[in-house]
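For ligands, and for the atoms within them, numbers begin at 1 and follow the listed sequence. Quick note: numbers below take in every heavy atom, side chains included, and nothing from hydrogens, waters or symmetry partners.
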Amino acid sequence: MAKNTRIDINEQLNSLCLKKCNKEKRKEVTEEDLCTETISEMDKLPVRCVGAWAVQKIHHLVQYFAIFSLGMKNKWDGKINYIEICSGPGRCINRETGFEFNGTSLCIVQNEACKHLNKALFFDYNETVVSTLNSRINANKTPNALALVGDYNNPNKICDDIIRETKGIGLYLIFIDPTDCSIPFSLLQVLKERLKHVDFIVNFAIKTDFNRNIKNAIQSPDTHQNVINKYKSFLGSDDFFHNPLIETASSKDLRSLFREAYVNSLKKIGYQFFDFKPIENYYDLVFASSNERGIEFWEKANKIQFDGQRQLF
Ligand SMILES: C[S@@+](CC[C@H](N)C(=O)[O-])C[C@H]1O[C@@H](n2cnc3c(N)ncnc32)[C@H](O)[C@@H]1O
């Protein structure tokens, strides 16, 4: 499947991958999703164990990144920055097939358009992940890229680091890639408030985390306060839970109401243009921009289908 994408993800078979580890086995053979059974054949550094659909996310992100960077570099006089929060170590391994490939961060660093950036900054709270990614960045000789330890629950610290590294000027494309709905909306709010010119792409765990937990949370709120608080923090508002429609809504309608609540919060911090790009049955990539050009670029990027075929209209 990955071979058909136009983006070079440097795929290669890892002979030590156990393949097809189930959930229980994965708990045994990974530490924070880094495999403890094998390392990368490419550079002997850690790899992150992932499902096959990770490649689709990379495809959409990198297509957009290239179009955005090329389209904006002159307008912003070279002051464009790429920021990734939840960067991972830069190299993933497909748990089904045992093929390893570049993650989002390394794909960005190796992309031609990276040279147009003022800075590419990558944040992850795991120190091993950050030092691994820095080794890969150094091996790639990309002087404008850097990985830093940063926790998305501490948005101001991440923002301080971004401002120190970029002087706080220019245009920012910020990709946030968590595994569930744990990122607080205050992260987006603080980034937008302090950096001003920011477009977001957010991994929105609507068909995993949300689907699994929302019905029980609505039906038995007393025993699901943690989940409810997590979603309220993610949405940056309580409105979803005050909507009487959620009591009887179907799963599909609940997802629509949840997306709508997210859009409402994005509008409150200054966004006007949105899109939700579903990645199979797992998550959406939410795109948010306050500039019409942003959504034009996003649509253009998404016309390049995952299998490399341009969509026909
Ligand atoms: C889905 S993975 C990232 C994958 C990567 N973007 C890619 O596609 O190659 C999520 C990452 O979030 C990191 N993470 C988890 N909790 C975090 C937190 N509170 N702050 C920052 N990073 C966190 C994990 O260490 C993990 O590397």
Open item on the list: Suppose we screen for side-chain hydrogen bond (donor to acceptor under 3.5 Å, both in side chains). Which residues come up paired with D33, at least two apart in sequence or across chains?
Closed with: R48
TODO: Sort and list the pairs that fulfil ring pair (Phe, Tyr, Trp, His ring centres under 6.0 Å) and have at least one residue in residues 123-158, not counting sequence neighbours.
DONE: none
Open item on the list: By the ring pair (Phe, Tyr, Trp, His ring centres under 6.0 Å) test, which pairs, at least two apart or in different chains, include something from residues 173-206?
Closed with: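 As it turns out, the ring pair (Phe, Tyr, Trp, His ring centres under 6.0 Å) pairs with a partner in residues 173-206, which skip direct neighbours, are W76-H197, F185-Y262, F200-Y271, F204-F234, F204-F258, F204-Y262, F204-F276.
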Open item on the list: Within the 3.5 Å criterion, strictly below it, is a donor on D180 or S182 matched to an acceptor on the partner's side chain?
Closed with: yes
TODO: Assess the pair F210 and Y231: is the distance between their ring centroids shorter than 6.0 Å?
DONE: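 Yes.
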Task: Validation row, ring centre Y82 to ring centre F65 under 6.0 Å - done: yes
TODO: Below 4.0 Å from any atom of ligand 1, which residues have a heavy atom? Give them in chain and number order, please.
DONE: R48, K57, E84, C86, S87, G88, C92, G103, T104, D124, Y125, N126, G150, D151, Y152, N153, D177, T179
